[in-house]
Amino acid sequence: MQIVVNGKTLELAEGTTCGEVLKEALSKKQFKNVVVARCEQTLLDLSASLPTGCSELFGVRADSEEGLAVIRHSTSHLMAEAVKKLFPEAKVTIGPSIKDGFYYDFDYERPFTPEDLQAIEAEMLSSVGADKPFIRSEMNIKELVSLFEAQGESYKTEIMQDLGGENFSLYTHGEFTDLCRGPHVERTGKLGAFKLLSVAGAYWRGDEKKKQLQRIYGTAWDSPKALKKYLDRLEEAKKRDHRKLGTQLDIFSTHEEIGGGMILWHPKGALIRAILEDFEKKEHLKRGYDLVQGPLILKRELWEKSGHYDNYRENMYFTEIDEAAYGIKPMNCLSHMLIYKSKIRSYRDLPMRMFEHGIVHRHEKSGVLHGLMRVRSFTQDDAHLICRPDQLQAEIITLIGFVRDIMKLFDFDYVLELSTRPEKSIGSDEDWERATNSLRGALDNLGLDYRVNEGDGAFYGPKIDVHLVDALERGWQCGTIQCDFTLPERFDLVYVGEDGKQHRPVMIHRTILGSIERFLGILIEHYAGAFPAWLAPVQARILTVTDEQKEYAEQVKQRLEASGLRVEADLRNEKLGYKVREAQVEKIPYMLIIGDKEKEAGSVNMRIRQGEDPGLMTVEAAAELINAAVRKPFLDGGMSYSFSTI
RNA sequence: GCCCACGUAGCUCAGCAGGUAGAGCACAUCCUUGGUAAGGAUGAGGUCACCGGUUCAAGUCCGGUCGUGGGCUCCA
């Protein structure tokens, strides 16, 4: 038989293994880097014989995404072997590869300790040293069930039953055998660049009603160098953790006596928020939105009518006023709908776009709270668009463009996800189809990449979510665009059509930043605390060399402020080096140094937070240079913005 | 909510076989007037998260509560 590898055509005997083929076709160096083979979309063990009908074979490199996944999966087997050896009563369940590593869930009587992890790691390394081969075999379900039951491995039976089918593959290395689809590296000696990271509880099958298992997380790479690089990256990410920088830069704090998930914004943090919110309000006004505002608490009957009382009660806080029950809002839509309903609306009034920085309270479970990223009281940049059905798609296209402009301003990487109808949902097929097509059509129309999450929509309609990535490469949902057929129905929203009859409008819930809290958390990490000039709470600080320049420094400060900048003057009796260091640690974008020289020349000496120092210049030149930096991101994004109110 | 770990001065952290607390930075006062990442001296700061228990004695052991962190489930 013939096969093409790397552009070379080889003539082969039947039963040749993939490894043998690749060894023949590739250079020694190339082959050393190969972990498994690939024929079309199928990954194959190197020890597997070449499948019939395979016309072209590829070697999968250890440092490729697919190769790393194989290494990680094999390392999880290695770990399971070590755990079974050290803790024979532990039952194995599943152990997949994940981003940057792998985990394996065990059913064991007690949690593993850090000392256990060390012992497991040592045992794994000894297995690597023994260089045991991974051997694939197949058995039918009956044999397998009795095999695993004899070992007390009850979870494997459940897995096979869920998967369905008659025959399953197994992988054995040394004493350890696991049900597994594969493929794996050839030998344990190919592994070794790994580290066990943490232990955590995890529910069997991700179901909180089922038993909690002990999960061990680890990371694994193709080389010690790559492992070190990853561990260094984790260190770096810790440095820009928004919780750490938030304290360091005096942006926000939390207090045990206030309660979990509640943020106190300090002067600098509150100023950043104000700048951000001001920008957003103006941007919305420019794009045809109306600003509206509603109260924080609304009567309980309203929440009953909307369905929130039935579907969202566990997440809500309630209170009582004059013996009437009130609910603290977890969402802003109700006020907006009542504004719509406050008078008769014509088709000419649509679309109506209502925007509010709405403060909402949600009773999130205590275990999920996380710095600014997950809190119980937060501000949404929330809008509700009410439009005619025929306007839906155009509105969505404009909306996605809006999202794109804003993300560009912050220079953010983001992922768009389209979520479709879930099993538990309401509304007609026709409504769902029209709305889903509008969302999909808008994405396609703009030529954007997106992922589809089948069945992950809200119960009232499909949605597009925007996910941002933080310093630790965790994804966070921020913006969301959700279609809703329920609320217009429940609240009987109507408009008078051209025909003089009443029609039902369509409603879109949407946010762009999502929550101001979360977005700022992500921004702090994104910029490592060094906010761009337009957002920096202090844009420039004047540093005097001695007391002699105090008066002149005050004059310079006034002139810069007159040009619209946020300026501080550090007139303290401290050495210049000390003042520079402080300003640098606070990540102030521009430092203006003033000594006798500058005072006499009527100039300033500019130092910038990173990069080359512009040096000596007139006060006016400094003001213009900083103002240009403030405007630049907007011009780059094709926007304009005036800071008149800040 | 569940599993595990943690909670000592504003911040970062020491402390121990159970015998009533320590450093650096920050802060205050004084000396110093010094050109681009920390000048010096002195001082003030803690009912060791909170509540209860064991003990002659608890920051140190045990239980509970609150909070924080890593995960699970959920989510902006």
Side-chain angles (χ1 to χ4, degrees), chain A residues 103 105 108 110-114 116 197-217 238 241 243-244 247-248 250 253-262 312 314-315 330-332 358 360 362-382 458 465-468 472 474 476-480 482 509-519 521-522 543-550 572-586 591-598 605-609 613 615:
Chain A
Y103 68 79
D105 286 346
Y108 191 53
R110 64 167 178 84
F112 295 107
T113 64
D116 292 338
L197 296 175
S198 61
V199 207
Y203 301 104
W204 169 235
R205 298 264 135 155
D207 184 343
E208 64 183 322
K209 296 196 181 64
K210 294 198 166 137
K211 182 156 187 186
Q212 192 151 35
L213 307 170
Q214 306 303 331
R215 174 171 298 180
I216 302 177
Y217 282 97
K238 269 188 206 155
D241 189 314
R243 294 163 300 194
K244 193 182 160 106
T247 307
Q248 230 168 66
D250 202 12
S253 59
T254 56
H255 298 263
E256 205 171 323
E257 48 271 63
I258 291 181
M262 309 282 183
Y312 207 71
E314 311 76 67
N315 283 301
M331 295 172 192
N332 305 297
V360 296
R362 297 184 185 174
H363 183 194
E364 301 292 347
K365 291 179 181 176
S366 58
V368 307
L369 302 176
H370 179 95
L372 293 177
M373 304 299 202
R374 194 76 183 270
V375 292
R376 285 179 171 155
S377 171
F378 60 100
T379 307
Q380 290 183 305
D381 61 330
D382 205 1
D465 287 327
V466 184
H467 288 258
L468 294 186
L472 287 157
R474 287 175 296 214
W476 291 98
Q477 189 184 326
C478 289
T480 183
Q482 311 184 344
H509 308 252
R510 58 107 271 207
T511 62
I512 292 179
L513 308 181
S515 104
I516 302 294
E517 283 73 10
R518 175 178 293 180
F519 192 75
I522 296 170
L543 311 180
T544 50
V545 178
T546 71
D547 287 347
E548 296 301 308
Q549 302 91 33
K550 272 187 177 175
R572 292 175 303 168
N573 171 16
E574 293 289 353
K575 289 197 166 182
L576 181 59
Y578 181 84
K579 294 185 182 183
V580 167
R581 181 187 143 79
E582 250 185 26
Q584 203 68 48
V585 167
E586 289 176 46
M591 284 156 258
L592 301 171
I593 288 137
I594 291 178
D596 280 335
K597 261 189 302 183
E598 290 78 14
N605 204 321
M606 183 184 285
R607 176 190 166 107
I608 60 178
R609 140 181 93 179
D613 294 338

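So that the names make sense, note that chain A is the first sequence line, chain B the second, and so on, each numbered from 1.
H370(A) comes within contact range of the sugar-phosphate backbone alone, with a heavy-atom separation under 4.0 Å but no base atom that close. Using a 4.0 Å heavy-atom criterion, one finds that G261(A) contacts the sugar-phosphate atoms exclusively. Counting any heavy atom pair closer than 4.0 Å across all strands shown, G371(A) reaches sugar-phosphate atoms only and no base atom. No contact: V360(A) has no heavy atom under 4.0 Å from any strand. T511(A) comes within 4.0 angstrom of no nucleic acid atom, judged by non-hydrogen atoms across all strands. At a threshold of 4.0 angstrom between heavy atoms, the contacts of L369(A) are confined to the sugar-phosphate backbone, with no base atom among them.
Protein atom CG of L213(A) is 14 Å distant from nucleotide atom P of C4(B), rounded to whole Å. Spacing between atom CD of E586(A) and atom P of A26(B) amounts to 12 Å, rounded to whole angstrom units. Computed from coordinates, the R572(A) CZ to U29(B) P distance equals 13 Å when rounded to whole Å. As a whole-Å value, the separation of I216(A) CD1 from C4(B) C1' is 12 Å.
Taking atom C1' on both G19(B) and G34(B), the two are 50 Å apart, rounded to the nearest angstrom. Using atom C1' as the reference point in both U12(B) and U29(B), the two lie 25 Å apart (nearest Å). Separating the P atom of U65(B) from that of C2(B) is a span of 9 Å, rounded to the nearest Å. Comparing the same atom, P, in A44(B) and in G24(B) gives a spacing of 14 Å after rounding to whole Å. Look at the P atom in both C50(B) and C31(B): the space between them is 40 Å, to the nearest Å.
Checking G514(A) against Y217(A), the closest nucleotide of RNA chain B that is more toward the 5' end is the one next to Y217(A).
Each of D465(A), D382(A), T511(A) was checked for a side-chain hydrogen bond (donor to acceptor under 3.5 Å, both in side chains) with T480(A), and the lone residue meeting it is D465(A).
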With Watson-Crick and G-U wobble geometry limited to distances under 3.5 Å, how should the secondary structure of RNA chain B be encoded in dot-bracket form, using | for bases paired to another strand and [ ] for crossing pairs?
-> (((((((..((((........)))).(((((.......))))).....(((((.......))))))))))))....
Collect all protein-nucleotide pairs involving nucleotides 73-75 of chain B in which both atoms are nitrogen or oxygen and the distance is under 3.5 Å.
| residue | atom | partner | partner atom | Å |
| --- | --- | --- | --- | --- |
| U73(B) | O2' | E208(A) | OE2 | 3.2 |
| C74(B) | O2 | R374(A) | NH1 | 3.3 |
| C74(B) | O2 | R374(A) | NH2 | 2.3 |
| C74(B) | N3 | R374(A) | NH1 | 2.9 |
| C75(B) | O2 | R374(A) | NE | 3.4 |
| C75(B) | O2 | R374(A) | NH1 | 3.3 |
| C75(B) | O2 | R518(A) | NH2 | 3.4 |

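When distances run from any side-chain atom of Q214(A) to the nucleotides G34(B), G67(B), C3(B), the shortest one goes to C3(B).
At a threshold of 4.0 Å, the pair R205(A)-D207(A) does not count as salt-bridged, since none of the basic side-chain nitrogens sits closer than that to a carboxylate oxygen.
In this structure, G39(B) shows a glycosidic angle more than 90 degrees from zero, which is the anti conformation.
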How does protein reach along nucleotides 35-47 of chain B, written 5' to 3' as B (base within reach of a heavy atom under 4.0 Å), S (only sugar-phosphate), or - (no contact)?
-> BBBBS--------
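Scanning both residues, Q584(A) and M591(A), for their nearest heavy atoms gives OE1-CE, 3.2 Å.
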